[in-house]
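Inspection log for the structure reproduced underneath, given as structure tokens.
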There are 2 protein chains.
Amino acid sequence: MSAPSFRPLYDQIKILITQSLIAGEWRPGEAIPSEMELASHFGVSQGTVRKAVDELAGENILVRKQGKGTFVATHDEEHTQLRFLRIHADSGEKEYPRSEVVDCRRDKVAPELARALELRPGAPVYVVKRRLIFSGKPLVFDEIVLSAPLFKGLSAPRLNEFKGSFYSFFEIHYGLRMIRAEERLTAVAAAEEAAQHLDVPLGTPLLCVDRIAFTYGDKPVEWRRGLCHTAGHSYYNELA
Amino acid sequence: MSAPSFRPLYDQIKILITQSLIAGEWRPGEAIPSEMELASHFGVSQGTVRKAVDELAGENILVRKQGKGTFVATHDEEHTQLRFLRIHADSGEKEYPRSEVVDCRRDKVAPELARALELRPGAPVYVVKRRLIFSGKPLVFDEIVLSAPLFKGLSAPRLNEFKGSFYSFFEIHYGLRMIRAEERLTAVAAAEEAAQHLDVPLGTPLLCVDRIAFTYGDKPVEWRRGLCHTAGHSYYNELA
DNA sequence: GAGTGGTCTAGACCACCCC
DNA sequence: GGGTGGTCTAGACCACTCT
């Protein structure tokens, strides 16, 4: 048996709330009903709803604000907008890099990515290439792969016009909320394309960050490979 | 004012439990008193103790085991012993690398590390160099710096004799529990020493992982730099 | 069966936000 | 003042472990 024989009530409530989020019942940034309302709606005590919401808040899916309410998390807020960007200056200063899309075209998904993105082989995708510019210096060259049907009408100008992060763009224009991601890091030597865009000699050691990002229900939506010239910068991580 | 005007009871309980841990009242792996005992000892309800213990368990400082009790977390257990090792094979297979200490000597702390380790300039330290060998291949070359007074009598043979991770060794022989760490990753070209120990050509791109590890009360205890040849392996990270 | 942590409830009161 | 989330309590019952 893989299914647990016992399912706590708060766990079921968690699932029901998640389903409402998937269904788009409440949009990113909006408030969800109060704990008392949810409790009476689901026919449980406030404490049980609390535990469910606590866990969803711990997963950065909801955000609690004392005295105001509980809100659907978004990538559009000040302190969370660069949640997934781990590249920081050694000085510790906060930086808001500028994104510069250099290419955006339709293609067929590469075989090795089809599985990761749960697409059928040869499915249509958008491939976006962009640079991230930190204080005038191009430090990251990203290649991003997105399922074409999910991102109809994507284009370089639309991405470049947008003020905000890619994930904020995905939320606003496609209703897709990225809630978690898995990354795998390696060190590689700069090949021609990356060397050009990052303005470094061929063979320069680069941090290679492969990411798969997921939306509600652990559905993979984005694959990306970031090549990072770690000059005065590093990838920061906390282990607990 | 930086101190919060309001301190929840469970937060105070958390601090009291942490102080008992610092004082060595319960040793790693041992059970702490039951929730009911703690509750009556502190004069609060079981629910309040629960919340305190929940948070400490969330920080991997305590481990709850239903029906048995609550235990002081340790690096010596099966599933947690490689908690801080993020290098994994691309295949996803679990590997237990072999550690091979190649050098261990006393030295004075480097100026740039003194601050990070909260030592006075020139304080005595041990500098340990070791390789991690994955399925016969040396993939990581570590340089580890530890305050000498804290680690009296450290030596290469003692480290090599020990069956288990470094952090498990620290717990058992020095009573120091590593509870969290900060890492900064960059990509570098292999210099001579690393190239030799990792058996790669000079200039091979390597993942450079700088770590500071902390014990109870956020006290820094260890600095280390790991140079990793990411051949068939990568540094895995989850973003949430 | 006795002891542990895990769930759930109902109700009181506090801190914060906004009208 | 009325709404929200945040804390704390007391007590009931469930699930798990060991003896």
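Below, all heavy atoms of this structure are taken into account, side chains as well, without hydrogens, waters or symmetry copies. All chains are named by letter (A, B, ...) in the order of the sequence lines, taking the proteins before the strands, and each is independently numbered beginning at 1.
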(message) Please evaluate residues B/Phe84 and B/His75 with respect to the criterion ring pair (Phe, Tyr, Trp, His ring centres under 6.0 Å), reporting the C-alpha separation (whole Å), side-chain torsions for both, the decisive distance (0.1 Å), and the verdict.
(response) CA-CA 10 Å; B/Phe84 287 178; B/His75 286 268; 5.6 Å; yes
(request) Determine, for B/Phe71 and B/Lys65, whether the Lys NZ or Arg CZ falls below 6.0 Å from the six-membered ring centre while staying within 45 degrees of the axis. (result) yes
(request) May I have the distance from A/Glu55 (atom CD) to C/dC8 (atom P), rounded to whole angstrom? (result) 11 Å
(request) Give A/Val44 one of three labels, base, sugar-phosphate or nothing, depending on what nucleic acid heavy atoms sit under 4.0 Å from its own. (result) sugar-phosphate
(message) Restricting to salt bridge (charged side-chain N to carboxylate O under 4.0 Å, His left out), what partner residues turn up for B/Arg115, sequence neighbours left out?
(response) none
(request) Assess whether atom CZ of B/Arg158 is packed by more than 12 heavy atoms of other residues, nucleotides or ligands within 6.0 Å. (result) yes
(request) Using the test ring pair (Phe, Tyr, Trp, His ring centres under 6.0 Å), find all partners of B/Phe170 that sit at least two apart in sequence or belong to another chain. (result) B/Phe151, B/Tyr167
(request) Would you give a per-nucleotide map of nucleotides 2-7 of chain D, 5' to 3', where B means the base has a protein non-hydrogen atom under 4.0 Å away, S means only the sugar-phosphate does, and - means neither? (result) -BBBBB
(message) From CG of A/Leu38 over to C1' of C/dT9, roughly how many Å is that when rounded to an integer?
(response) 17 Å
